Amino acid sequence: MLKIYNTLTNQKETFQPINPENIGIYVCGMTVYDYCHMGHARFLVAFDVITRHLRRNFPQVKYVRNITDIDDKIINRAIENNEDISTLTQRFIDAMHEDERALGVLEPDVEPRATESIDQMFYMIKALINKGIAYQGKNGDVYYSVRDFENYGKLSSKNLDDLVAGARVDVESNKNDPLDFVLWKMAKPDEPKWQSPWGDGRPGWHIECSAMATHHLGNHFDLHGGGVDLTFPHHENEIAQSEGANDCTFVNTWMHVGFLKINDEKMSKSLNNFFTIRGVLEKYDGESLRYFIMSSHYRSPLNFCDENLSNAKTALTRLYTAVRGLNASNPAMTQVAMRFDYENRFNAALDDDFNTPIALSILFEVAKHINNERENDPGQAGALAQLLRKLGGYIGILECDAEVFFKQGVSLSDAEIDGKICQRDDARAAKDFAMSDQIRDELMALDIILEDGSNGTTWRRK
RNA sequence: GGCUGGGUAGCAAAGCGGUUAUGCAGGGGCCUGCAAAGCCUUAUAGACCGGUUCGACUCCGGUCCCAGCCUCCA
């Protein structure tokens, strides 16, 4: 039984699909004006784990993740780069897809873009104006009238008066109320614009998600997610817009992924401490990065630092070490492995609000079991190795060949290393251990580790 | 100030009202020419103060501290 923490109620709830035959989930995606950073990696992987689990438990899941391809930051960046907006956004969309593949993130079913969803936004804004919940200000911008939506604040547990009290003094005379937010803004000269019933302009940020989500998933769907920082105001405003326009519950369960910290500090541009995914990939492989992200619960803060990352790599190495050399596929043997309850416990962990740390700990139990059986009962060890890979696959790890994992990114060729191993074997046979150790040390200096086993010497990267 | 989370062993990170989390690092041992890997074994916890209970890291109350949101941000 799947339980999910719902921001709307601030508690874990049993997930009750609107239609068990078809689950709908919407996630707020990237604003594409730069390369993805590690914070993006975190929510991309988190929702990848979530949707993978949903897909195994329900016959059909529709995962929609939008792309914001028009906003101030994009416009400014295009001007800075002297680059066409669509060229800029396409470049970073392609880069995002590349990063996702490196992290083992599966594609969403639909990836709608704001600029391709303008008509749906018009439709919703019109509905809001007709109901008197939205109005056009003196400057032509269209605003949402927050006071006319009675449930405003229900997601983020805020009430309007507290918000007013805490608000920055923003004398925005075009609004009826300082808390009102923009649905459609008039274009300034030289800005990209679309014709609308209210004048040439472009959409406000929040309306695009309401429009795209309801267009692809209907007025009422199961799950909606994003980073915690989107809870207010973005998701709060999405609820106001969608429920205001459609007069029905927008989303049953709201999910929010915790923040990523950098060396225990908040990641921010002013501290200049943000890392792009591709930058980190120069030093760590994508799978280790993915493991690092899954090593804490998706709602907890996650601290990005070298120690934690190398820890993740070491941990993943232990799992690959367990399956190494046990690649043969044998469905019958997997059945044997099934008599242990690893898989049930693994699934139960994910059913408990996607508890990846527990799920991973079960993987280590299987690894230990394999190591114990390796000598005694190779058949069973092989079956357990298959089980380990299968469970790993459920969360997007352990899917590559162990030899590939152990030999990636090494500066010498296989032949060169094999040559060294032969030399060393000769030295060892002659009991010339000084020479033998020297060869091993030389390779170690190149991050190549030699291991003498009963079937000869094997090697792996550090 | 308001709202939401959180404070667990050397580090990271979970579950749980009474019995081993897990990974890395540390001690001892097995294996090895020596290592590495692996196995066995071992030490180190639950911010503080009260309360409930036969029994609390786990529930309740209070105190202190930390983080996030309240302004664009995953």
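The shown structure was predicted, so the numbers you read here are calculated from the model rather than taken from an experiment. First the proteins, then the strands, lettered A, B, ... as listed; each starts at 1.
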If I pick the [atom1] atom on [M] and the same atom on [N], what distance separates them, to the nearest angstrom?
| N | M | atom1 | value |
| --- | --- | --- | --- |
| B/G10 | B/A45 | P | 7 Å |
| B/G15 | B/G62 | P | 23 Å |
| B/A36 | B/C30 | P | 14 Å |
| B/G1 | B/A14 | P | 29 Å |
| B/U42 | B/A47 | C1' | 28 Å |
| B/G27 | B/G5 | P | 42 Å |
| B/G7 | B/G46 | P | 14 Å |
| B/A35 | B/U19 | P | 39 Å |

What residues form a side-chain contact (heavy atoms from CB on, under 4.5 Å) with [X], not counting sequence neighbours?
| X | result |
| --- | --- |
| A/Thr115 | A/Asp69, A/Ile70, A/Arg113, A/Trp194 |
| A/Asn10 | A/Tyr5, A/Ser157 |
| A/Asp437 | A/Arg440 |
| A/Cys305 | A/Asn263, A/Asn303, A/Glu307, A/Asn308 |

With a cut-off of under 6.0 Å to the ring centre and 45° to the axis, is A/Arg461 in cation-pi contact with A/Phe405?
yes
Strictly below 4.0 Å, N to O, side chains only: are A/Glu98 and A/Arg101 in salt-bridge contact?
no
What ring-ring contact (aromatic ring centres under 6.0 Å, His included) pairs are there with at least one residue in residues 89-117 of chain A, not counting sequence neighbours?
A/Tyr35-A/Phe92
Starting at atom [atom1] of [X], determine the distance to atom [atom2] of [N], rounded to an integer number of angstrom.
| X | N | atom1 | atom2 | result |
| --- | --- | --- | --- | --- |
| A/Glu265 | B/C66 | CD | C1' | 14 Å |
| A/Lys185 | B/C72 | NZ | C1' | 10 Å |
| A/Leu155 | B/C70 | CG | C1' | 13 Å |
| A/His297 | B/U22 | NE2 | C1' | 16 Å |
| A/Met267 | B/C72 | CE | C1' | 13 Å |
| A/Met30 | B/A74 | CE | C1' | 9 Å |
| A/Ile358 | B/G23 | CD1 | P | 12 Å |
| A/Glu365 | B/G15 | CD | C1' | 12 Å |

Qualifying salt bridge (charged side-chain N to carboxylate O under 4.0 Å, His left out) pairs with a residue from residues 250-263 of chain A, counting only residues at least two apart or across chains:
A/Lys261-A/Asp264
For nucleotides 34-47 of chain B, give me one character per nucleotide, 5' to 3': B if any protein heavy atom sits under 4.0 Å from the base, S if the only such contacts are to the sugar-phosphate, - if neither.
BBBSSSS-------
Per-nucleotide protein contact string for nucleotides 2-12 of chain B (B base, S sugar-phosphate only, - none; heavy atom under 4.0 Å)
BSSS-----SS
Base partner of B/G61, which must satisfy Watson-Crick or wobble distances under 3.5 Å:
B/C49
Could you identify the nucleotide paired to B/U71, looking across every strand shown and requiring Watson-Crick or G-U wobble geometry with both distances under 3.5 Å?
none
Strand-adjacent residues in residues 221-235 of chain A, judged by heavy atoms under 4.0 Å from RNA chain B
A/Gly226, A/Gly227, A/Asp229, A/Leu230, A/Phe232
For [X], answer base if it contacts any base atom (sugar-phosphate contacts may also be present), sugar-phosphate if it contacts only those atoms, and nothing otherwise; contact means non-hydrogen atoms under 4.0 Å.
| X | result |
| --- | --- |
| A/Lys431 | nothing |
| A/Leu363 | nothing |
| A/Thr458 | nothing |
| A/Thr7 | nothing |

Return all side-chain donor-acceptor pairs below 3.5 angstrom for residues 205-213 of chain A, not counting sequence neighbours, or 'none' if the list is empty.
{"from": "A/His206", "atom 1": "NE2", "to": "A/Asn237", "atom 2": "ND2", "distance (Å)": "3.1"}
{"from": "A/Glu208", "atom 1": "OE2", "to": "A/Asn66", "atom 2": "ND2", "distance (Å)": "3.1"}
{"from": "A/Glu208", "atom 1": "OE2", "to": "A/Thr68", "atom 2": "OG1", "distance (Å)": "2.6"}
{"from": "A/Ser210", "atom 1": "OG", "to": "A/Glu238", "atom 2": "O", "distance (Å)": "3.2"}
{"from": "A/Ser210", "atom 1": "OG", "to": "A/Gln241", "atom 2": "OE1", "distance (Å)": "2.8"}
{"from": "A/Ser210", "atom 1": "OG", "to": "A/Ser242", "atom 2": "OG", "distance (Å)": "3.0"}

Do A/Phe364 and the base of B/G23 stack face to face, with centres under 5.5 Å apart and an angle between planes under 30°?
no
To the closest 0.5 Å, what do you measure between CG (A/Leu2) and NZ (A/Lys12)?
11.0 Å
Which is more 5' along RNA chain B, the nucleotide nearest A/Cys28 or the one nearest A/Asn355? Just name the residue.
A/Asn355
If you assign each of A/Lys73 and A/Lys12 to its closest nucleotide in RNA chain B, which residue comes earlier from the 5' end?
A/Lys12
Set of residues satisfying salt bridge (charged side-chain N to carboxylate O under 4.0 Å, His left out) with respect to A/Glu416, sequence neighbours excluded:
none
Non-neighbouring partners of A/Lys3 that pass salt bridge (charged side-chain N to carboxylate O under 4.0 Å, His left out), sequence neighbours left out:
none
Please report the shortest heavy-atom distance between A/Arg290 and A/Leu103, naming the atom on each side.
NH1-O, 3.0 Å
